[in-house]
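Here the structure is laid out as structure tokens; the discussion comes afterwards.
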Amino acid sequence: MNISFADISLAKPGALAVLVTEGASPRGAAADLDGKTGGALKRAMKAAGFSGKAGSVLEVIGTRGVAAGRILLVGLGKSADLSAAGMEKAGGELIGRIEKTKETSLSIVLDGISAAKLPAGEAAARIAFGARLRAYRFDKYKTKKKTDESKAGLKSLTVMTRAAASARKDYATLSKIADGMFLTRELVNEPPNVLFPGEFAKRARALSKLGVKVEVLGEAQMKKLGMGALLGVGHGSQHESHLVVMRWTGGKAGEKPVAFVGKGVCFDTGGISLKPPAGMEDMKGDMGGAACVTGLMHALAARKAKVNAVGVIGLVENMPDGKAQRPGDIVTSMSGQTIEIINTDAEGRLVLADALWYTQNRFKPKFMVDLATLTGAIMVALGKEYAGLFSNNDKLSKQLSEAGEAESEKVWRMPMGAAYDKQIDSQFADMKNTGGRDGGSITAAQFLERFVNKTTWAHLDIAGTAMASPKTAINQSWGSGWGVRLLNRLVADHYEA
Ligand code: BES
Ligand code: MN
Ligand code: ZN
């Protein structure tokens with residue numbers, strides 16, 4: 001879908017959408033359009049009882065006086081409540097509507113709407129952003145029937161506004177964030193026979209064309225570094241494990257970087273502690289944390305963020321096999337701490353243990369944020385609406401909570417402490433990899449904290465938000481791309497020069 005911004009012209013054929021606020025009668029271009037149609041729009045609004053409530057759409061088809069065969073009146077809600085998120089939602093909902101038709105081009109008229117906190121250019125850009133996020137499809141493996149939506153195929157979207165120049169400027173940035181989110185969605189959606197650790201590493205390597213420095217470590221190098229925790233998880237797999245380091249240096253030379261670390265379990269069978277069959281296919285998304293880090297690095301580099309940022313992802317496959325690790329095994333992590341394996345299905349924390357230690361040890365970052373589809377228990381606690389936030393730092397937690405509210409990618413801080421930490425003490429090693437049923441997401445976070453070495457750190461448990469989360473106006477994809485917007489905003493608001 002080609003997206004562009006233009007000045008207002010009511011002569012365009014195809015479908016025409018007009019945005020109206022609640023209770024107000026059509027103004028500006030919307031009033032002009034009503035005039036051209038001989039008052040058909042106002043009559044239709046009255047007849048249908050359409051008042052411009054947020055999320056409401058009224059279709060008016062085949063009116064005289066205009067080239068457009070279909071006019072959609074889109075309600076934005078009360079003008080005092082207009083927000084960036086509301087505009088994105090309107091753009092998304094409009095695409096959902098139009099994709100059910102045979103229309104191939106859509107022009108959206110944004111005029112006569114004033115919002116105190118939302119400049120006209122940004123409003124237009126946000127509509128386009130929402131439309132683009134909604135239009136994402138993953139149907140590359142459907143050879144016969146493409147989804148109804150992509151069959152219809154909207155080819156062009158024009159947002160018409162008197163502020164086209166500033167809309168273009170705002171959208172240029174948003175569009176790069178969307179590219180990052182799409183990379184994340186794509187990686188999560190890919191099947192596990194295609195996206196094994198080596199293939200994921202190859203796709204991360206492609207970020208070098210944006211100026212990201214990418215290093216890919218294999219098993220021999222990780223063995224030299226002493227990464228026994230990460231390597232143990234991959235023992236049963238036919239695929240080599242990898243650690244990928246991505247560095248974007250858009251900030252001042254020598255300035256400490258911010259760091260993002262991702263769990264990249266390309267498929268999680270549970271290993272010898274095998275998972276039950278129902279729903280196991282979803283475990284292709286167990287690399288959602290790594291996918292988010294990769295999409296974020298894409299977004300930061302594409303928009304040339306003035307920040308030094310590193311992304312580190314641990315890529316493994318957790319399989320049952322004659323060579324697989326067993327419950328009872330004791331592995332030695334890069335930190336030197338030993339871990340007794342109680343359950344081979346608690347593998348994500350083992351991967352992160354070495355990835356976190358490596359990251360703080362090599363980069364001495366300002367902070368580390370890790371993302372992981374770590375525990376089923378986080379969905380028991382928070383559902384799919386919030387990701388779990390665990391941290392050793394109040395300031396970073398506050399920044400993440402605020403960024404989450406602003407980007408509609410919300411996080412909820414969970415408690416941590418010594419009493420929980422005790423649950424993972426082991427009778428044979430320095431710690432064990434599970435802490436029992438109670439507080440399962442918290443004891444997982446306590447485990448991770450033992451590998452951050454006092455670095456300012458936050459852990460986001462995204463098991464509920466990275467995949468199979470509820471469909472929204474701006475996301476219809478199984479892999480949601482969650483986290484890219486959140487962390488991009490964290491960087492933009494607090495860590496860019
Ligand atoms: N990848 C899973 C967590 C998960 C479950 C993510 C469902 C998304 C949806 C993780 O590796 C896992 O298996 N965790 C176990 C931990 C337990 C063995 C302590 C869990 O949550 O049951
Ligand atoms: Mn597991
Ligand atoms: Zn897992």
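Both ligands and their constituent atoms are indexed starting at 1 by order of listing.
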Are the side chain of S333 and the backbone of I339 linked by a donor-acceptor contact shorter than 3.5 Å?
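Not a single qualifying donor-acceptor pair exists.
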
Does the S441 side chain pair with the main chain of I378, one donor and one acceptor, at a distance under 3.5 Å?
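Pair found, side chain donor or acceptor close to backbone of I378.
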
Among all protein heavy atoms, pick out the one at the shortest distance from [atom]; state its residue, atom name and that distance to 0.1 Å.
atom: atom 20 (C) of ligand 1; value: G376 N, 3.9 Å
atom: atom 2 (C) of ligand 1; value: D268 OD2, 3.6 Å
atom: atom 16 (C) of ligand 1; value: R349 NH2, 3.9 Å
atom: atom 12 (C) of ligand 1; value: D345 O, 3.2 Å
atom: atom 18 (C) of ligand 1; value: N343 ND2, 3.5 Å

Approximate separation, where rounding is to 0.5 Å, of N361 CG and D354 CG
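So the gap between those two atoms works out to 11.0 Å.
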
Using 4.0 Å as the upper bound for N to carboxylate O, is an ion pair formed by E88 and R126?
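Result for this pair is yes, salt bridge flagged.
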
Take the angle between the ring planes of F363 and Y358 and call it parallel below 30°, perpendicular above 60°, tilted in between.
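Aromatic pair F363/Y358 classed perpendicular.
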
On the 0 to 90° scale, with breaks at 30° and 60°, tag the F451-F447 ring pair as parallel, tilted or perpendicular.
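The arrangement is tilted - the two ring planes meet at 30° to 60°.
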
Tell me, with the steps shown, if F367 and Y495 meet ring pair (Phe, Tyr, Trp, His ring centres under 6.0 Å).
CA-CA 11 Å; F367 66 72; Y495 297 94; 4.9 Å; yes

Of all the atoms in ligand 1, which lie at a distance below 4.0 Å from a heavy atom belonging to M467?
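Per the distance check, 8 (C).
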
Show me which atoms of ligand 1 lie under 4.0 Å from any heavy atom of M379.
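Counting from 1, the qualifying ligand atoms are 7 (C), 9 (C).
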
Does K263 reach ligand 1 with a nitrogen or oxygen that is under 3.5 Å from one of the ligand's nitrogen or oxygen atoms?
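It does: an N or O of K263 is found under 3.5 Å from an N or O of ligand 1.
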
Are any of the N/O atoms on T434, whether in the backbone or the side chain, positioned under 3.5 angstrom from an N/O atom of ligand 1?
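No.
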
What are the protein N/O/S atoms, named by residue and atom, that sit under 2.8 Å from the Zn ion (ligand 3)?
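Protein N/O/S atoms under 2.8 Å of the Zn ion (ligand 3): K263 NZ, D268 OD2, D286 OD2, E347 OE2.
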
Which protein N, O or S atoms lie under 2.8 Å from the Mn ion (ligand 2)?
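Near the Mn ion (ligand 2), the protein supplies D268 OD2, D345 O, D345 OD1, E347 OE1.
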
So if I apply the side chain to side chain contact (heavy atoms under 4.5 Å, CB included) rule between E190 and each of R203, M287, K284, R185, which one comes out positive?
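That would be R203.
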
Criterion side chain to side chain contact (heavy atoms under 4.5 Å, CB included) against V261, the qualifying member of L448, L352, L371:
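Exactly one pass, corresponding to L352.
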
Heavy atom under 4.0 Å from ligand 1: found in L374's side chain, backbone, both, or neither?
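It is the backbone that gets close, since no side chain atom is under 4.0 Å.
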
